[in-house]
Structure formats: structure tokens, C-alpha cells
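Here is the structure we will look at.
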Amino acid sequence: MRVLPDVAGIDRTFDYVVPADWDAPGDPRGAIVQPGSLVRIDLHGRRVGAWVLEVDVAPPEGVTLRPLAKVSSLGPPVDVLDLARATAWRWYGRLANVLTTASPPTAVRALPLARPHVVAPQGAGVSYDEAFATAAPLVLRLPPADDAFDVLAAATRRGNALILAPSVDEARTFATRLRRSGVIVALHPRDWAVGAAGATVVGVRAAAFAPVRDLAAIVVVDEHVETYQEERMPTWHARDVCIDRARRAGVPCVLTSPAPTLDALALADERAPSRAVERAGWPIVDVVDRRRDDVGHGGLFSERIVSVLRGEGPVVCVLNRTGRSRLLACAPCGELARCERCHSAVTQRDDGALACGQCAMIRPALCASCGSQQLKNLRLGVTRAREELEALAQRPVAEVTAEHERGDRTSDLYIGTEAVLHQVRSARAVVFLDFDQELLAPRFRAGEQAMGLLVRAARVVGGRAAGGRVVVQTRLPRHEVIDAALHADPGRLVAAERETRTALGYPPFSALAVVSGVAAPAFVDRLGSTAGIDVMGPNDGRWLVRAPDHATLAEVLAAVERPPGRLRVEVDPHRV
DNA sequence: CGGACAAGCTGA
DNA sequence: CAGCTTGTCCGG
């Protein structure tokens with residue numbers, strides 16, 4: 001019996017024997033000990049948990065095997081075990097970390113009886129059955145106003161489906177709706193054993209590793225949402241894990257999104273709705289060009305906003321948190337100071353030069369548009385903005401941030417950070433007071449993430465027919481993100497992003513890893529000048545490793561002997 | 001990770 | 001040289 005301890009710092013397997021009495025007929029312990037199961041072992045003087053990886057292995061010469069101490073629980077089935085191995089390899093992480101995610105939250109000694117599969121009835125809307133007809137992964141572009149439920153129902157018509165949603169709330173809602181149409185649903189991770197026995201499984205990111213007996217289809221809802229990437233090591237992405245899982249199982253995998261990411265499009269074919277359908281599912285987008293405005297005191301609210309505030313019905317204003325906002329604009333012409341190379345916002349260093357937060361490029365403090373040397377800071381926090389908005393609207397304003405809610409709860413005028421878009425379900429208008437913060441964030445996925453915000457806003461105001469509006473105040477009115485939302489055509493953003501990322505060698509046109517921690521210098525040193533990869537840095541104690549693809553990257557990283565000490569290797573970093 | 005054991009340091 | 005700290009090694 002080969003086992004892997006769940007102890008950080010021990011990344012190797014050990015061999016044990018199953019105590020003879022467990023194998024006696026009628027003893028349940030013998031049946032629970034199988035690959036994936038959780039056991040307890042005596043290791044070097046202490047009792048620790050471990051996963052059974054293999055049974056019937058030939059132990060190495062000259063070691064006396066100790067018996068397993070205890071069996072705790074059933075664990076991930078073999079297909080998930082293989083998926084976990086592949087994930088640990090692809091994202092350069094420890095298998096034990098992935099197996100923790102794949103294991104039941106509380107001990108499972110036996111599986112419940114599976115209830116017979118129920119076929120959800122076909123609804124009145126569009127049929128998505130055809131999307132599941134082939135085993136090749138597919139991206140379904142659904143406009144913001146369209147619900148993914150019909151897609152999920154189609155998935156369950158094939159058998160037990162695995163359905164991932166970006167948030168716990170959405171997962172719960174989908175689970176409830178599917179149950180209402182008669183489908184047997186396990187909500188992951190609570191109903192781990194129900195899924196293992198055979199049911200449609202609904203959950204968030206971690207459900208990518210949920211056991212699903214007789215898995216027939218996988219759906220990842222809103223694949224563009226960032227919560228699908230694990231932030232601890234290994235930094236696996238549930239979308240990519242699901243595509244791999246579907247391929248291994250030979251079942252269809254459908255990703256949905258109003259604005260698919262380049263990463264998804266690199267792995268799956270896209271099916272887009274007709275222009276008419278897509279346009280109908282996006283709201284009207286108003287772009288307010290602020291380059292000519294006076295942005296001094298009180299300049300956060302343009303004339304256009306004042307008129308929006310006058311109408312009936314709830315209005316939501318979105319502004320980024322204080323502190324994160326540090327933008328420079330040219331005083332005479334209003335142009336934003338951006339990096340010439342990667343177009344991120346730049347900050348001014350103590351010596352006056354402009355430095356890019358993303359690619360570390362440095363240039364003199366000159367406006368790229370008019371050559372002026374006069375630059376000014378733009379900054380304003382939510383609390384101040386609320387006071388101004390209250391004065392402007394002459395009625396109470398509720399303030400919503402991720403941390404707290406303040407002000408008048410009965411008000412239908414809200415202001416807050418992007419958290420406000422999660423808390424206010426429906427509104428007549430959503431106003432982005434300063435969208436440039438999003439567009440120019442020093443992350444190479446900033447554009448897609450900004451698009452994600454517009455999608456959220458679009459859902460709050462509803463489709464074109466609902467009459468709602470998304471108002472975007474910006475100094476970059478021609479930015480491809482705004483252009484794409486304005487025309488209800490996310491393809492425009494994809495085209496622009498593809499060009500930039502190809503030119504800069506960013507994913508999905510390369511595979512990246514950021515290496516940091518005390519052991520990083522030694523690790524990078526051992527990486528040396530391996531053929532086929534680039535090592536850049538150090539920048540702030542972090543090195544960037546770039547390979548043409550993930551197979552190469554994983555191969556190269558695994559070939560290096562891991563030096564002692566803390567080492568963080570972030571594959572697919574969201575910040576570079 | 002954390003226990004075992006060895007080598008190094010200190011004070012009487 | 002007992003009694004303690006610090007470092008390195010290794011687990012079936």
C-alpha cells in the first residue's frame with residue numbers, strides 16, 4: 001500500500017501494509033481501503049493522515065513495512081486522483097494540497113444509495129442540447145441578460161453533470177432550480193458522498209475535483225470570473241482543470257460567458273449568438289469622455305450623471321477603493337499617463353520619472369499626447385464621493401463596500417466599490433465614476449477584468465429592452481473594452497487583446513510562472529539557461545519564467561532539484 | 001512538518 | 001562536563 005502523508009514538507013510516498021484483521025470478511029475497514037482513501041499512519045514517531053495512492057505495490061528492498069494505523073474515510077475516486085496528479089504537475093504544486101481539495105470535508109465511511117437519474121424537461125427557450133453533442137470543449141457566448149440555466153438543464157439531460165458557478169450564492173441558486181425541475185443534485189462540498197454515489201454536482205471552484213459517478217458532462221458558468229483560480233499554491237484554474245477532466249472522461253465540456261477569455265478561446269471552440277440576439281442581451285452603454293472636464297475639486301460627477309440621477313428607480317455608482325487609485329493625467333490636455341509599451345497606468349517616482357507598475361519600463365515625465373511636463377494626480381475615495389453625491393442628488397446615498405454598509409439603507413441611490421454590484425440586484429443605471437482605474441490596472445488581464453465588471457453592471461440593469469443604462473466615465477473613450485461593451489460585441493476586445501498579448505508574449509501565447517521566496521535565487525540558478533525558456537528578473541525578489549507552452553514549463557520546473565527553504569512558484573500568475 | 005540526534009556553547 | 005541551544009537529517 002503506497003501512501004502520501006498530508007504533512008507539509010514531506011512530498012514523498014511511503015509503503016505500509018494493511019493489518020491482516022482488516023481483510024477479514026465482514027470487516028468494513030478492508031473495503032474502505034482503496035486508492036484515494038484517507039488513512040492514519042505512524043510515521044517517524046508521530047501519527048499523521050495520508051492518502052492511499054496505490055495498492056499492490058512492490059515495496060523497495062530492505063524496508064520493513066509498518067501496518068496502517070487506522071482508516072478514516074473514503075477519498076477521491078481514481079479518476080479524480082489522476083486529475084489531481086495532472087493538476088499538481090501542470091501548476092507545479094504538491095499533490096497533497098490538491099488532494100485536500102478533492103477530499104470530503106467530513107469522514108465518509110460508506111456511500112449512500114444513488115437515486116435514479118431524472119431527465120430535466122426541455123424548457124421553452126433555446127435548446128442547448130446540441131452544445132453537448134460533441135466531446136470537444138466549447139465556449140458558449142451568452143449575452144449578460146441570458147441565464148445559463150437552460151445550458152445546465154441540457155447538461156443534466158445527458159446524465160450526471162458537473163456544474164461550476166463562480167460564487168456560493170450562484171451555485172446554491174442553480175442547485176435549487178435544478179432540483180425544482182426534478183434533477184438529483186449534490187451541492188459540493190457538503191454533499192460530497194451524494195455526488196460520489198451518483199448525482200449532478202453543483203459547486204464553486206473546488207468542485208472541479210468533486211467525485212461524480214458516471215460523469216456525463218461538465219459546465220463552467222461565467223468562465224471569465226477570477227474566482228475560478230485558486231490563490232494558494234498550486235494556483236490551478238478550475239476552467240482548465242475541468243477541460244482536462246472532460247477530456248480524460250471523454251465527456252463534453254461547455255464554458256459559458258458573455259465575454260470569453262483568451263485563455264478559454266485558446267482551448268475551446270466558440271459558439272456566438274446572432275448579432276441581434278447578442279445586442280438585445282446587452283444594455284445601452286453611455287460613454288462620458290472626461291478628458292476635457294475640470295477634474296479638480298468635485299470633478300467626479302459629470303453633467304451626464306446629474307441627469308441620470310434625476311430619473312426614477314435605483315442607481316448604482318461604482319468607484320474603486322481609496323489608495324488603489326493613483327492615476328496621473330496631463331494638466332493641459334487631460335490625457336492619462338500610460339506605459340508606452342504595455343499601456344498600464346504609470347506612477348511617478350521620487351526623481352520625477354514615470355515608472356510602469358507592470359513591465360517596469362521607465363520614461364521621463366512628459367505627456368505622450370501633447371508633450372507637456374505638467375502632470376496632476378487624480379484621486380478620490382468612496383466616502384468623500386458619497387458626500388459629494390448626496391449634495392448633488394439632494395437625497396440620501398447608501399455606501400456599500402466589501403467591508404461595510406453605511407448610510408441610508410432605504411435609499412435607492414448607492415455608491416461603493418465593485419462589491420456594490422454584487423449586493424444590489426437590480427437598478428435603472430450603473431455608473432462607473434472612474435473606469436480608468438480598471439482599464440489601466442497593472443495586470444495583463446486588466447482589460448478582461450474590466451470587461452467582467454461591465455458584464456456585472458449589465459446584469460444589474462438588464463438587457464436593452466429593459467431600458468437600463470451603464471454609464472462609463474473615462475478618459476479613454478476609445479478603449480477596446482468600452483468599444484466592445486458599447487457595440488455589445490466582446491469579439492472586439494478579443495481581437496485587441498490577442499494582438500497585445502501576442503506582441504508581449506503573454507498567455508495564452510506563452511506559459512508563465514513567477515518564482516519567489518527565500519529559495520527562489522537558488523531555484524532560478526539551477527534553472528540556469530535551460531533551452532527553450534526565458535528567465536527574467538529579479539524584480540522585487542520575484543523572477544518570471546516564460547516557456548512557449550505549459551507542457552514545456554512543467555517539464556522544465558520539475559527537472560530542477562528543489563532547494564531547501566520556502567519557494568513559491570505561481571504558475572499562470574494574474575499579476576506579472 | 002517535527003522528532004532524533006549531533007555538534008556547539010556556556011558556566012562552575 | 002552537565003545542561004542547554006542550534007542545526008541537519010529523515011521518515012516505510
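Just so you know, these numbers use all the heavy atoms, side chains as well, and skip hydrogens, waters and symmetry mates. Below, read A as the first sequence line, B as the second, and so on, with proteins coming before strands; counting in each chain starts at 1.
Applying the side chain to side chain contact (heavy atoms under 4.5 Å, CB included) criterion to A:Pro538, with sequence neighbours excluded, gives A:Trp543. Considering only residues two or more places apart in sequence or on other chains, A:Arg158 meets the salt bridge (charged side-chain N to carboxylate O under 4.0 Å, His left out) condition with none of them. By the side chain to side chain contact (heavy atoms under 4.5 Å, CB included) test, A:Arg85 pairs with A:Leu53, A:Leu81, A:Asp82, A:Leu95, sequence neighbours left out. Contacts of A:Arg94 classified as side chain to side chain donor-acceptor pair (under 3.5 Å), with partners at least two apart in sequence or in another chain: none. Looking at residues two or more places apart in sequence or on another chain, you find a side chain to side chain contact (heavy atoms under 4.5 Å, CB included) between A:Arg90 and A:Asp240, A:His550, A:Val571, A:Asp572. A:Phe209 pairs by the ring pair (Phe, Tyr, Trp, His ring centres under 6.0 Å) definition with A:Trp236, not counting sequence neighbours.
Near DNA chain B, meaning a heavy atom under 4.0 Å from it, residues 517-525 of chain A has no residue at all. Within residues 6-21 of chain A, the residues having any heavy atom under 4.0 Å from DNA chain B are, by residue number, A:Val7, A:Ala8, A:Gly9, A:Ile10. Listed by residue number, the members of residues 52-72 of chain A with any heavy atom below 4.0 angstrom from DNA chain C are A:Pro60, A:Val63, A:Thr64, A:Leu65, A:Arg66.
What you find for A:Asp222 and A:Pro258 is that their closest heavy atoms are OD1-CD, 3.5 Å. Closest approach of A:Trp192 to A:Ala102, counting heavy atoms only: NE1-O, 3.2 Å. Nearest heavy-atom pair across A:Tyr16 and A:Pro67 is CD2-O, 3.7 Å.
Here the side chains of A:Pro211 and A:Pro76 are not in contact, with every heavy-atom distance at 4.5 Å or above. Within the 4.5 Å cutoff, side-chain heavy atoms of A:Leu512 are placed close to those of A:Val576. Considering only heavy atoms from C-beta on, A:Val515 stays 4.5 Å or farther from A:Arg568 through its side chain.
Within the 3.5 Å criterion, the main-chain N or O of A:Pro507 finds a donor-acceptor partner in the side chain of A:Arg501.
For DNA chain C, the contact window with chain A, defined by any atom under 4.0 Å from a protein heavy atom, covers C:dC10 to C:dG12 in 5' to 3' order. Put simply, chain A comes within 4.0 Å of DNA chain B, heavy atom to any atom, from B:dC1 to B:dG3, going 5' to 3'.
For the pair A:Arg177 and A:Phe149, the cation sits on the ring face: its NZ or CZ lies under 6.0 Å from the ring centre, inside 45° of the axis.
Identified under the side-chain hydrogen bond (donor to acceptor under 3.5 Å, both in side chains) test for residues 62-81 of chain A, with sequence neighbours left out: none.
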